[in-house]
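Here's the structure we're looking at; comments come further down.
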2 protein chains.
Amino acid sequence: VIAFGIVSRPGEPRRVGLRDGDVIADLAPLGPDFVAQSLNLLLARGQTAWAEAAGRGRELLDRGDHVLPLAEVSPHLPFEVADYVDFYSSREHATNMGRLFGRPELLPPSWLHLPIGYHGRAGTIVPSGTPVVRPRGQTREQGAGRPELGPTRRLDIELELGFVVGAPSRQGEPVPLEAAREHVFGVVLVNDWSARDLQAWEYQPLGPFLGKSFATSVSAWVVPLPELEPFRVPLPPQEPEPLPYLRGEPWAYDLALEVELNGDVVSRTSARHLYWSVEQQIAHLTVNGASLRTGDLLASGTISGPDPASRGSLIELTWNGAEPLTLSDGTTRTFLEDGDEAVLRAPELGLEVRGRIEPAPK
Amino acid sequence: VIAFGIVSRPGEPRRVGLRDGDVIADLAPLGPDFVAQSLNLLLARGQTAWAEAAGRGRELLDRGDHVLPLAEVSPHLPFEVADYVDFYSSREHATNMGRLFGRPELLPPSWLHLPIGYHGRAGTIVPSGTPVVRPRGQTREQGAGRPELGPTRRLDIELELGFVVGAPSRQGEPVPLEAAREHVFGVVLVNDWSARDLQAWEYQPLGPFLGKSFATSVSAWVVPLPELEPFRVPLPPQEPEPLPYLRGEPWAYDLALEVELNGDVVSRTSARHLYWSVEQQIAHLTVNGASLRTGDLLASGTISGPDPASRGSLIELTWNGAEPLTLSDGTTRTFLEDGDEAVLRAPELGLEVRGRIEPAPK
């Protein structure tokens, strides 16, 4: 599996690299678009250019020409994020959230009819390895009259897959489901860090804001979409049948995903558990005429499977703190503590997204 | 009152213009940053550079040097939008929405404690004058089992003021209330077009998405913040007193605002009715460590006053369609019809944002 990224060596400008395992090809010989701060110039050029760049990069890798050990380069944020949309496309995750918060209907009213999503903060997306400072914010204890300001006590991870938009679309022209894939450059792994207590206090009626906006981590590498072909499997059945604009090839990806906390794997799941496909997400996002831009990030929402050990967030894995996890060092966790390191992995794609929690500022 | 924008004449590159009434000074003589697709290079340079550009632009205007009639240039989107945050800072508006939807508590639980906001779609922000295509989307009639796809039947305006961030801040470092103004370049007028039926069906639990994302219009001109000084008035009293990080100089702006529909003024209000100040919005937005970026747009949310004729949206002005407006041509309106033109104005600032509704695509 190959992947594109932005890399540099000390004293040299950033450039596009094509990774294959432990080595990367420096794609600077492909032209001036490949000596760049981000992949966006390549992303904007569309499918034919992406395939050509991958092909020429593979030739360099095969020939050992302009090839470097991965360990010798520093990776950077791979693309400049335009709009960041976070979906809510795992049925098990949405159902768990309904159960945890005692909602009479486990799924929101429109959940089975459309891929629910919202816009996140694009400006605080950081590459794997960036430390995450515990956010402060307003919370209100149950039963307390007044809120207080302080560090979150319920800092969580969210294991997500993210699709990166390459070719833009025009405002006012919906992208039909059949054409959606043409716009997708590739896939990253996403940790949508969440402060559950901030979110609970602020989210009515306009959705998450400070509970999510402090940081979102993405893998430093973007796997081009054609590399996912071997992992295609049918989507879970969709009942009720969605409206015609959301009907089409029902593909998911059987990609193994795991969550590691301080060296212990605490969850193993698969992207096949997603209910809505990226094609459906794009057809929905644009049906009102909204355009896609180069660099849009479409994240899946937390991916959870049916098995309790396949849940993609601590709030689910510990059932809102009621069932702490025991780590191999004998300590227990409900939510993240300062110094904890979370690593999300998609081993088959060679993707990881890593982040260590730093204490809140005084 | 002066204002910055991006203008062009046929066959010439876009450049920064400084407007004063019916004339503009072409700021290209100020340097290469002033021949640009957007104001962002200037925005990033900070307060001193903004004051210098305004001063040198005024000199050109005074001398009649590089000055053109406004009518001879085409204005463009004035800045490249980084993140678009839409607040909900008018108490009258939030209360009206609570009443209209029969909520037991008129204001959401956290409303009086923090400036509620959410992220909108930055990629579909368009300049004044851009036609707005009636969006299609999923809606579900009350009592109906299944949703349907079709053009919105409840297309609305939202009259808002928007602050444009110039100087960025660093991730992990909250901007204290006292320093917030240093980051604000200026103000635009915003029409946050809304499809109420799409929004009602989709918004639980993550907030508005397709109901807002099809288009947001901004004025072509950005009035620099110092120009607002003469309009400063005390904010309405804040009870309960907010937490310390939100306490400070409690300024609002007594700026007249109006909504014109097909040539009839249907609402007159003032920005003084906002409950939360832009300084409070910035202190809140960054208290969790989220950064500001050059080009962030912070919109106020719909501005409504206490008088029914001072409401900033049709859903309020017509009380959810129960009390249609009668226009001077004898027709009535609940929500927008195809061909309707809405114009929002801040006459004292010379700002307007205009848009005509085009029919939904077949």
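In what follows, chains are A, B, ... by sequence order, proteins preceding strands, each numbered from 1.
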Ring pair (Phe, Tyr, Trp, His ring centres under 6.0 Å) involving B/H93 - partner list, sequence neighbours excluded: B/Y88
Side-chain heavy-atom pair A/Q171, B/V126 within 4.5 angstrom cut-off: yes
NE2 on B/H284 to CG on A/L149, rounded to 0.5 Å: 10.0 Å
Contacting region of B/E148 [heavy-atom separation from chain A under 4.5 Å]: backbone
Pairs satisfying salt bridge (Lys or Arg N to Asp or Glu O under 4.0 Å), at least one member in residues 280-292 of chain A, at least two apart: none
Most chain B-contacting option - heavy-atom pairs closer than 4.5 Å, from A/P135, A/P131, A/P147: A/P147
Engaged part of A/Q199 at the chain B interface, taking heavy atoms whose separation is under 4.5 Å: neither
Heavy-atom pair with the smallest gap, counting every atom of A/D83 and B/A122: OD1-N, 3.0 Å
Residues of residues 96-114 of chain B with any heavy atom under 4.5 Å of a heavy atom in chain A: B/P108, B/P109, B/S110, B/H113, B/L114
Residue selection (most heavy-atom pairs with chain B, distance under 4.5 Å) from A/G289, A/A360, A/S291: A/S291
B/N288 side-chain N/O to A/G137 backbone N/O, donor-acceptor pair under 3.5 Å: no
Members of residues 203-215 of chain B whose heavy atoms come closer than 4.5 Å to chain A: B/Y203, B/Q204, B/P205, B/L206, B/G207, B/P208, B/F209, B/L210, B/S213, B/F214, B/A215
Any donor-acceptor N or O pair under 3.5 Å, side chains A/Y245, B/Q138: yes
Minimal non-hydrogen separation, A/H119 against B/R121, with atom names: NE2-NH1, 3.0 Å
Contacting region of A/V132 [heavy-atom separation from chain B under 4.5 Å]: neither
